[in-house]
Amino acid sequence: MTTTATTTDVGFDLPYLGHRKRCAAELANVQRKMARRHTGRRGRQSRGYLRARREATKLHKKAARQNQHDSRVWAKHVVECHDLIAVEDFQPRFLARSTMTRKAADAAIGAAKRELLERGVRAGRQRQVDAQSRRPPRR
């Protein structure tokens, strides 16, 4: 997966940057730290465990914010340069059973699409949501 969203002009494509993948090594270190500090018994966890858990949460949020920022900047650029915005009603049911699922979630395809439509409404652009052109065969 190299692009999160493709357009009719290659210059407007949203590339897949893999922010969560880049944060993975840092996140793994924090999760190991959590595992070491976890008591395993009922009752309160140590302050070190709680601090490590907060750190892991911050890393998750950091990656999500990076994705959100990229999709906002992309949507703004696309809306500024176009009068009509047509979006495919893409419902990736086939991704549920594939290895691309993580990448699709990481890229936040739905969030980018939602941001594009919201920006279009705000800018007063004409929007059109098209039905999916080709559906994969059902099993």
Side-chain angles (χ1 to χ4, degrees):
M1 182 178 204
T2 57
T3 56
T4 301
T6 56
T7 58
T8 52
D9 184 9
V10 180
F12 289 102
D13 286 355
L14 175 62
Y16 169 69
L17 298 172
H19 293 299
R20 289 181 204 275
K21 192 175 181 182
R22 230 177 303 118
C23 290
E26 210 175 330
L27 187 61
N29 287 335
V30 174
Q31 287 173 338
R32 276 197 299 275
K33 191 187 291 186
M34 282 172 59
R36 285 195 308 269
R37 284 158 173 68
H38 187 68
T39 60
R41 297 184 298 272
R42 294 217 177 249
R44 297 182 65 156
Q45 294 293 340
S46 67
R47 281 192 184 153
Y49 173 83
L50 296 175
R51 195 177 307 129
R53 191 171 73 181
R54 272 193 300 273
E55 200 175 333
T57 304
K58 282 182 183 178
L59 284 171
H60 280 296
K61 285 183 178 180
K62 176 184 174 182
R65 280 194 304 267
Q66 285 174 327
N67 279 333
Q68 189 178 38
H69 173 74
D70 286 342
S71 62
R72 282 183 174 162
V73 169
W74 170 76
K76 181 182 176 190
H77 180 61
V78 170
V79 168
E80 282 175 353
C81 298
H82 295 88
D83 294 328
L84 172 68
I85 298 168
V87 179
E88 182 182 6
D89 187 21
F90 181 63
Q91 295 169 346
R93 290 188 191 98
F94 65 95
L95 281 180
R97 293 180 222 90
S98 73
T99 55
M100 258 179 65
T101 309
R102 186 173 291 146
K103 279 190 173 183
D106 182 8
I109 295 169
K113 177 180 148 185
R114 189 168 46 251
E115 187 65 37
L116 179 64
L117 291 173
E118 286 174 10
R119 289 272 176 170
V121 168
R122 253 193 278 169
R125 299 294 189 264
Q126 205 175 1
R127 300 175 310 136
Q128 182 177 353
V129 179
D130 296 330
Q132 192 170 349
S133 56
R134 249 183 59 216
R135 293 184 187 267
R138 291 191 178 230
R139 292 182 184 178

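We use all heavy atoms of the structure for the numbers below, so side chains are in, but hydrogens, waters and symmetry mates are not.
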Under the side chain to side chain contact (heavy atoms under 4.5 Å, CB included) test, residues paired with K61 that sit two or more places apart: T57, R65
Interatomic spacing from NZ in K76 to OG in S71 - rounded to 0.5 Å: 13.5 Å
Neighbour count >12 (heavy atoms, 6.0 Å) for atom CZ, R51: no
Greater than 12 external heavy atoms within 6.0 Å of R36's CZ: yes
Qualifying ring-ring contact (aromatic ring centres under 6.0 Å, His included) pairs, either residue in residues 55-78, two or more places apart: F12-H77
Heavy-atom check, side chain of R37 versus side chain of R53, under 4.5 Å: no
Side-chain (R119) to main-chain (L117) donor-acceptor, under 3.5 angstrom: no
side-chain hydrogen bond (donor to acceptor under 3.5 Å, both in side chains) partners of Q45, counting only residues at least two apart: H38, T39
Residues 78-85 side chain polar contacts: donor-acceptor under 3.5 Å, at least two apart:
unit_1, atom_1, unit_2, atom_2, d
H82, ND1, V78, O, 2.9

Residue pair A56 / L27: nearest heavy atoms and the distance that separates them: O-CD1, 3.9 Å
Side-chain heavy-atom pair E55, M34 within 4.5 angstrom cut-off: no
Over 12 non-hydrogen atoms of neighbours within 6.0 angstrom of CD in E26: no
Non-neighbouring partners of A86 that pass side chain to side chain contact (heavy atoms under 4.5 Å, CB included), sequence neighbours left out: Q128, D130
Partner set under side-chain hydrogen bond (donor to acceptor under 3.5 Å, both in side chains) for R32, not counting sequence neighbours: N29
